[in-house]
Amino acid sequence: MKKLVFSGIQPTGNIHIGNYLGAIQHWVNSQDKYNNIFCVVDLHAITVPQDPKVLRAKSRELAGLLLASGIDPKKSELFIQSHIGEHCELAWILNCITPMGWMQRMTQFKEKSEKQKENVSVGLFDYPALMAADILLYQADLVPVGEDQKQHVEITRDIAQKFNSTYGETFKIPEPVIAEVGARIMGLDDPTKKMSKSETSQNHAVLLLDPPDAIRAKIMRATTDSLREIKFDENRPGIYNLLVIYELFTKKSRDEIESMYEGKGYADFKKDLAEVIIEGIRPVQEKYKEITADPAYIDSLLTKSAERLRPIAQKTLNLVKERMGIG
Ligand code: TYM
């Protein structure tokens with residue numbers, strides 16, 4: 001029996017090369033090895049205010065981008081979270097067994113709520129319970145994510161273990177899978193902060209749908225340092241981040257890259273990097289155009305996936321209710 005992979009991505013902001021290198025690419029590359037479920041998490045998106053029309057469009061756009069990146073509907077399920085109501089029902093139940101103290105330790109909540117102060121929704125605080133529900137409903141074995149989501153997978157494990165020890169074996173305990181390189185791509189304008197969809201400044205991220213000239217401009221303006229050598233040195237976060245992006249797109253070894261750029265300047269390297277990224281995402285952009293030419297195709301695929309998955313979600317939820325004496 002193949003192991004089951006579950007992962008999700010929010011349809012907010014614009015998908016960037018951090019999402020692609022840290023998560024999407026790994027989902028695509030391991031599709032044959034595992035059974036796979038990928039989810040566009042629109043219910044997570046509404047933990048902060050969204051324009052309804054934009055959100056609906058972004059959910060479809062993201063599904064299209066995932067397909068264009070190589071998620072193969074013959075090998076993987078791809079669905080929209082809100083299409084399966086069981087996610088909310090299980091999230092409520094998990095809320096009731098999760099101590100406030102565990103949630104209060106979540107660093108992503110601390111960071112995000114810092115930006116919004118009084119307007120922070122209860123949903124944003126409770127976000128990890130919904131994420132736990134996503135994963136546990138399908139009894140996933142593996143959860144491939146970027147570094148920033150590791151803590152959320154760990155709390156999922158804690159919640160599942162607490163449920164199992166209180167009510168009897170019910171949930172499989174999932175494991176996070178985090179890439180050794182590229183699990184935390186940093187912002188181009190500020191390499192001390194992770195590249196983020198919610199960051200709006202112009203030169204922060206290369207987006208998956210950016211045209212070539214925009215990519216060239218962003219990379220040429222990327223923050224580096226006043227040193228010269230082009231070396232993989234984590235203490236020089238700007239150039240290190242650019243080198244990691246180069247490494248991941250070209251699959252060349254670090255030694256090879258360093259020797260290619262020995263004696264050359266940052267400008268030469270950045271020019272090449274921009275072309276490497278442009279070529280790396282060109283197939284995704286071309287496929288995206290093809291796929292979105294027929295929006296009905298994406299919608300029908302999402303609906304069919306949800307239909308196949310709903311009975312699995314219901315089965316887990318029924319077991320949970322039985323164990324808890326509800327329903
Ligand atoms: P989201 O939408 O913020 O990000 C989607 C995936 O991209 C990864 N990622 C990055 N990887 C490397 N460098 C970066 N700068 C970078 N930024 C983002 C994320 O780690 C993630 O893997 N809560 C999740 C979505 C979610 C989920 C789930 C994931 C909901 N339910 C169940 C797994 C399982 C999120 O907001 O991801």
Side-chain angles (χ1 to χ4, degrees), residues 4-28 30 36-48 50 55 58-59 61-63 65-66 69 71 77 79-82 84 87-88 90-91 94 106-109 111-112 123-124 126-157 159-160 174-199 204-208 237 241 244-245 248 313:
L4 178 66
V5 157
F6 184 99
S7 204
I9 180 163
Q10 288 198 61
T12 47
N14 291 310
I15 304 305
H16 51 66
I17 57 170
N19 300 122
Y20 183 70
L21 298 172
I24 300 170
Q25 218 185 27
H26 301 291
W27 305 348
V28 169
S30 65
N36 314 280
I37 307 177
F38 301 113
C39 182
V40 173
V41 295
D42 56 350
L43 295 169
H44 277 108
I46 58 167
T47 55
V48 296
Q50 302 290 344
L55 178 59
K58 283 277 170 195
S59 294
E61 176 188 298
L62 177 52
L65 267 174
L66 293 174
S69 301
I71 297 297
E77 297 290 4
F79 77 110
I80 295 192
Q81 190 183 30
S82 62
I84 301 187
H87 288 246
C88 292
L90 182 60
L94 298 180
M106 295 295 110
T107 51
Q108 192 168 72
F109 174 73
E111 282 166 19
K112 286 198 179 173
L124 189 68
D126 194 37
Y127 182 113
L130 180 59
M131 184 157 157
D134 297 341
I135 298 166
L136 300 178
L137 264 183
Y138 303 96
Q139 307 283 11
D141 297 286
L142 304 172
V143 186
V145 284
E147 182 67 46
D148 62 322
Q149 295 300 319
K150 188 172 177 217
Q151 199 183 26
H152 291 158
V153 183
E154 279 162 359
I155 198 176
T156 299
R157 289 167 60 86
I159 295 171
E175 270 181 50
V177 183
I178 292 160
E180 266 170 45
V181 179
R184 194 175 172 80
I185 300 293
M186 310 307 276
L188 300 175
D189 55 345
D190 179 357
T192 61
K193 284 199 198 129
K194 94 168 173 165
M195 191 177 279
S196 157
K197 281 195 232 110
S198 51
E199 192 59 61
H204 174 73
V206 171
L207 309 179
L208 226 43
N241 189 42
V244 165
I245 297 171
L248 291 168

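What's counted below: heavy atoms across the whole structure, side chains too, no hydrogens, waters or symmetry copies. Both counts, for ligands and for their atoms, begin at 1 and track the order of listing. Quick caveat, the model's predicted, so the values are computed rather than measured.
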Where is the nearest protein heavy atom to [atom]: which residue, which atom, and how far?
atom	result
atom 7 (O) of ligand 1	N19 ND2, 3.2 Å
atom 6 (C) of ligand 1	A23 CB, 3.7 Å
atom 13 (N) of ligand 1	I185 N, 2.9 Å

Side chain, backbone, both or neither: S196 near ligand 1, heavy atoms under 4.0 Å: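 For S196, no heavy atom sits under 4.0 Å from ligand 1.
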
Determine the interplanar angle of the Y138 and F79 rings, folded into 0 to 90°, and report it as parallel if under 30°, tilted if 30 to 60°, perpendicular if over 60°.
-> perpendicular

I need the atoms of ligand 1 closer than 4.0 Å to a non-hydrogen atom of [X], numbered in the order shown.
X	answer
Y127	23 (N), 24 (C), 35 (C), 36 (O)
H44	30 (C), 31 (N)
I135	32 (C), 34 (C)
M195	14 (C), 15 (N), 17 (N)
G182	12 (C)
G22	11 (N), 12 (C)
V143	33 (C), 34 (C)
H16	17 (N)

Taking C-beta and beyond as the side chain, do [X] and [Y] meet within less than 4.5 Å on heavy atoms?
X	Y	answer
V177	H26	no
I185	H16	no
L130	T47	no

Which option out of [options] puts a heavy atom nearest to [atom]?
atom	options	answer
atom 21 (C) of ligand 1	R184, Q149, K194, M131	Q149
atom 19 (C) of ligand 1	V145, V244, D148	D148
atom 27 (C) of ligand 1	G8, G18, S198	G8
atom 22 (O) of ligand 1	C39, G187, P11, G146	G146

So is [X] polar-close to ligand 1, meaning N/O to N/O under 3.5 Å?
X	answer
D134	yes
W27	no
K197	yes

Q.
Tell me which one of L142, D141, L136 satisfies side chain to side chain contact (heavy atoms under 4.5 Å, CB included) with P174.
A.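 Only one option passes, and that is L136.
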
- Query: Which heavy atom in P128 sits nearest to a heavy atom in I155, and how many Å separate them?
  - Reply: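 Looking at all heavy atoms of both residues, the closest pair is CB-CG2, 3.9 Å.
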
Got a salt bridge between E154 and R157, using NZ or NE/NH1/NH2 to carboxylate O under 4.0 Å?
-> no

